[in-house]
Enquirer: 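The structure under discussion is supplied below as structure tokens; questions concerning it will follow.
What you see below is based on every heavy atom in this structure, not just the backbone, and it leaves out hydrogens, waters and symmetry mates. Chain letters run A, B, ... following the sequence lines, proteins first, then strands; residues in each count from 1.
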Amino acid sequence: MLSRELIDSLFPADLPEPAYWEERYPPRGLPDGALVTRFAPSPTGWLHIGGIFAASINVALARQSGGVYVLRVEDTDQARFHEGALAQFEAGFDYFGIEADESDLGGVTRGRYGPYTQSARASVYQSYVRELLRTGKAYPCFETPEQARARTARQQATGALPGYYGEWALWRDAPEEQVRERLDAGDSYVVRFRSPGAGRRVSFTDAIRGELSADDNRNDIVILKSSANALRLPTYHLAHAVDDHLMRITLVLRAEEWISSVPLHHQLFDALGFGRIQYAHIAPLMKQDGGSRRKLSKRKDPEASVGFYIEQGFPPEAVRYYLRGLANGRLAELPLPEALAAPIRLADFGTAGPLLDMVKLDDISADFVSTLTGDEIVDRVLPWAGGYDPDLAKTLSAERPLALRALSIERGEGVANPRKDLRKWADFRPVYGYFFPEIFVPVTDPSDERFGGLSPDLVRALAAGFADGYQPPSASPEAAWFDQIRALAAALGFAPNQKTYKKDPDAYSGSIADASAVIRVLITGTRRSPDLAAICAALGADEVVTRARAVLG
RNA sequence: GGCCCCGUCGUCUAGAGGCCUAGGACGUCGCCCUCUCAAGGCGGUAACGCCGGUUCGAAUCCGGUCGGGGCUACCA
């Protein structure tokens, strides 16, 4: 064992003892059953949608049990730190309404267990590393990265298990003189954990998966990164043990890729003298890729990034509802408000990774939007457009009454079967844009394919006839308004209905549906729209006639 | 290579030995409604990865196998 004097010389003289931290971060004294949870992302870019998934579960678990939800930033990897990631985290959490009880986000520390950013807690970890060194449960290791690579290569070549253990662990029991020599030479070192693992099997309980077992860890993993770094930070494993213990977390819910590390983490907690914490490992969100499925990847899949949902303007309620249903299948069968209010149960989690189904999300989203009033929709589209479609934002705020008229067609109060044509705010322009003269692009070419292949002459005749004799919808029923199109179509040789047309296609110019499609395209620029009479009422007679004439040149 | 996790319709899942000729939802297909959509109504399609075993009886238990995913970093 290395001398106390040598070990202490490795750290600042004023570095606190572990007892200091224990006192500074006392047990929370919460009632039994109150869960203290956390979500701990790394600031390496946009938050992954899986992060929102995990964060929402953590908040729900904390809130429903009367506990606390902590947001911790794990920035121990300085090389991968991404400028702006923190702001994007904030934007993401904000969008989805996920608010931490304790965090550093926004530049303000809320909570008395902070700081909640690992790079700001370097001395906390160091106190514990020094303690581990003093008690011989850790040791300095001077193996260089090149040597480590060579070691791994040799292990692979000989079929040995990779890692730093047994005969490969050259610095595990190095004599003090040797250590001192390298230190004097100014060589950098890392600190490794002296694993007590003896190659036995261990078993443990996962809150979601139940009883699990594995080979015990016997690898002397690195716990404190190279002394060559200006800021000496720990690796994930040590940081996890120290932070989750000191922040008095009671449930560590994380992705299943960490299951393999549980034996190691137990060793670490034991060596540190910490009580073990309950783990719950959730399956990652997956993506279909050819014949197989893989983890959703931020690099390859746009829908993996939280930014995607914000840019597209998916209502957060819909996304949260969908995600909640993925967490607990039972909740997917409940109506949205009930599902969002119902408790999440760890035991109800599936253990296989679900595929993210964007079609299903669209369906949920369309359902949700159909329950909103026109005012609510405008209030949501406006801020979205402010960021992603400035022209639309301008138009919308100038023409709010028109927008409300547009959004009252076949939706809103008293409508038994509301339209479900809006899934996300980016849909607004393609679906409702034609209501606004400022952003509407008239159809001027009579042979435009949107007219369905009708002859240009017929298109012009329809347009002229409609414009010339145009009767705006009055108090009269919509059916009566449509009569003018019927009459016009009949005069131009269109069949009065589909059935008649189908019986003898050659006898007609087309069916009433074809004629009406032309009017529709003239007025809206698209073959898909709500009731024509209602649209024309919203637009006003002048605009309708102008649009109809656009194709006459 | 070693170890770990996972495996019911295309997707999310219900199912904890007989209630299962496997249920629901989304998708998809057909029909109805209809001036086009979006919907809505009705109906259909479609799954227990495979092989053994235990049992009177297995999607459910056991073993194996195949497939997918993960860990095996001074990344988390």
Enquirer: Got a sec, which residues hit ring-ring contact (aromatic ring centres under 6.0 Å, His included) with A:Phe93, two or more places apart in sequence or on another chain?
Expert: none
Enquirer: Is the closest side-chain heavy-atom distance between A:Ser123 and A:Tyr125 below 4.5 Å?
Expert: no
Enquirer: Using side-chain contact (heavy atoms from CB on, under 4.5 Å) as the criterion, list what pairs up with A:Gln156, not counting sequence neighbours.
Expert: A:Thr152
Enquirer: Using the C1' atoms only, state how far B:rA47 lies from B:rC26, rounded to an integer number of Å.
Expert: 16 Å
Enquirer: Could you tell me the Watson-Crick or G-U partner of B:rC66, where both distances fall under 3.5 Å? Say none if there is no partner.
Expert: B:rG7
Enquirer: Identify, with sequence neighbours excluded, every residue that meets salt bridge (Lys or Arg N to Asp or Glu O under 4.0 Å) alongside A:Glu146.
Expert: A:Arg149
Enquirer: Are any non-hydrogen side-chain atoms of A:Ile52 and A:Arg320 less than 4.5 angstrom apart?
Expert: no
Enquirer: Where the side chain of A:Asn417 is defined as all heavy atoms beyond and including C-beta, which of B:rG40, B:rC35, B:rG7 is the nearest nucleotide?
Expert: B:rG40
Enquirer: Please list all pairs meeting salt bridge (charged side-chain N to carboxylate O under 4.0 Å, His left out) that have one or both residues in residues 151-165 of chain A, counting only residues at least two apart or in different chains.
Expert: A:Glu143-A:Arg151
Enquirer: Please tell me if A:Arg486 has a side-chain N or O lying less than 4.0 Å from either OP1 or OP2 of B:rC35.
Expert: yes
Enquirer: Give the rounded distance in Å between these two atoms: CG of A:Leu492 and P of B:rC35.
Expert: 18 Å
Enquirer: With rounding to whole Å, what would you report as the distance between B:rG23 and B:rG69 at their P atoms?
Expert: 31 Å
Enquirer: Heavy-atom nearest nucleotide on RNA chain B for A:Arg527 versus A:Ala352: which residue maps closer to 5'?
Expert: A:Ala352
Enquirer: For A:Asp220, run the side-chain hydrogen bond (donor to acceptor under 3.5 Å, both in side chains) check against A:Tyr164, A:Tyr165, A:Tyr139 and tell me which one passes.
Expert: A:Tyr139
Enquirer: Indicate for each nucleotide in nucleotides 71-76 of chain B, in 5' to 3' sequence, whether protein heavy atoms under 4.0 Å reach the base (B), only the sugar-phosphate (S), or nothing (-).
Expert: SS-BBB
Enquirer: Pairing check on B:rG40: which nucleotide meets the Watson-Crick or G-U wobble criteria with it, both distances under 3.5 Å?
Expert: B:rC32
Enquirer: Who is the Watson-Crick or G-U wobble partner of B:rC61, with both distances under 3.5 Å?
Expert: B:rG53
Enquirer: With heavy atoms under 4.0 Å as the rule, sort A:Ser213 into base, sugar-phosphate or nothing.
Expert: sugar-phosphate
Enquirer: Using the P atom on both, measure B:rG1 against B:rC48 and round to a whole Å.
Expert: 29 Å
Enquirer: Send over the distance from A:His281 NE2 to B:rC4 P, rounded to a whole Å.
Expert: 15 Å
Enquirer: Is a donor-acceptor pair below 3.5 Å formed from side chain A:Arg520 to base B:rC35, judging by atom type as modelled?
Expert: yes
Enquirer: Let me have a per-nucleotide readout for nucleotides 44-50 of chain B, 5' to 3', with B, S or -, counting only protein heavy atoms under 4.0 Å.
Expert: -------
Enquirer: By the 4.0 Å heavy-atom rule, please label A:Arg330 as base, sugar-phosphate, or nothing.
Expert: nothing
Enquirer: By salt bridge (Lys or Arg N to Asp or Glu O under 4.0 Å), which residues pair with A:Lys298, not counting sequence neighbours?
Expert: none
Enquirer: I want to confirm an ordering. Mapping A:Arg423 and A:Ser516 to their closest nucleotides on RNA chain B, which one lands closer to the 5' end?
Expert: A:Ser516
Enquirer: Run the ring-centre check on A:Phe269 versus A:His240 and record whether the distance is less than 6.0 Å.
Expert: yes
Enquirer: So what does A:Ala517 touch, heavy atoms closer than 4.0 Å: a base, only the sugar-phosphate, or nothing?
Expert: nothing
Enquirer: Measure from CZ on A:Arg450 to P on B:rC35 and round the result to the nearest Å.
Expert: 23 Å
Enquirer: Compare side-chain N and O positions of A:Lys420 against OP1 and OP2 of B:rG40 and report whether any pair is under 4.0 Å apart.
Expert: yes
Enquirer: Return the polar atom pairs (N/O with N/O) between nucleotides 10-12 of chain B and the protein under 3.5 Å, or none.
Expert:
residue: B:rC12; atom: OP1; partner: A:Arg293; partner atom: NH1; Å: 3.2
residue: B:rC12; atom: OP1; partner: A:Arg293; partner atom: NH2; Å: 3.2
residue: B:rC12; atom: OP1; partner: A:Leu355; partner atom: N; Å: 3.1

Enquirer: Tell me which nucleotide, if any, is Watson-Crick or G-U wobble paired with B:rG1 when both distances must be under 3.5 Å.
Expert: B:rU72
Enquirer: Whole-Å distance between B:rC6 C1' and A:Glu211 CD?
Expert: 18 Å
Enquirer: With side chain to side chain donor-acceptor pair (under 3.5 Å) as the rule and sequence neighbours excluded, what pairs involving residues 353-372 of chain A come up?
Expert: A:Asp367-A:Lys420
Enquirer: Measure from CD1 on A:Ile523 to P on B:rC37 and round the result to the nearest Å.
Expert: 18 Å
Enquirer: Less than 4.5 Å apart, side chain to side chain, heavy atoms only: is that true for A:Thr205 and A:Leu212?
Expert: no
Enquirer: Considering only the P atoms, how many Å lie between B:rC74 and B:rC51, rounded to the nearest integer?
Expert: 45 Å
Enquirer: Measure distances between side-chain N and O atoms of A:Asp514 and base N and O atoms of B:rC35, and say whether any donor-acceptor pair falls under 3.5 Å.
Expert: no
Enquirer: Can you list the residues that meet the side-chain contact (heavy atoms from CB on, under 4.5 Å) rule with A:Thr373, with sequence neighbours excluded?
Expert: A:Asp375, A:Glu376
Enquirer: Please list all pairs passing the ring-ring contact (aromatic ring centres under 6.0 Å, His included) test where one or both residues lie in residues 141-162 of chain A, with sequence neighbours left out.
Expert: A:Phe142-A:Trp171, A:Phe142-A:Tyr189
Enquirer: Please report, rounded to the nearest Å, how far the C1' atom of B:rC35 is from the CG atom of A:Leu522.
Expert: 15 Å
Enquirer: How far does the P atom of B:rC3 sit from the matching atom of B:rU8, given to the nearest Å?
Expert: 25 Å
Enquirer: Go through the N and O atoms of the side chain of A:Arg419 and the base of B:rC37, and report whether any donor-acceptor pair is under 3.5 Å.
Expert: yes
Enquirer: If the C1' atom of B:rC56 is compared with that of B:rC5, how far apart are they to the nearest Å?
Expert: 36 Å
Enquirer: Can you tell me the pairing partner of B:rA14 across any strand shown, Watson-Crick or G-U wobble, with both distances under 3.5 angstrom?
Expert: none
Enquirer: For atom C1', what is the distance between B:rG57 and B:rU21, given to the nearest Å?
Expert: 16 Å
Enquirer: Take the protein atom CD of A:Glu256 and the nucleotide atom C1' of B:rG69, then report the distance between them rounded to whole Å.
Expert: 7 Å
Enquirer: How would you list, by chain and number, every residue that makes a salt bridge (Lys or Arg N to Asp or Glu O under 4.0 Å) with A:Arg527, sequence neighbours excluded?
Expert: none
Enquirer: Just one of A:Arg419, A:Arg423, A:Lys424 clears the salt bridge (Lys or Arg N to Asp or Glu O under 4.0 Å) bar with A:Asp421, so which one?
Expert: A:Arg419
Enquirer: Sticking with atom P, work out how far B:rG70 lies from B:rU65, rounded to a whole angstrom.
Expert: 22 Å
Enquirer: How many Å lie between CZ on A:Arg201 and C1' on B:rG2, as a whole number?
Expert: 11 Å
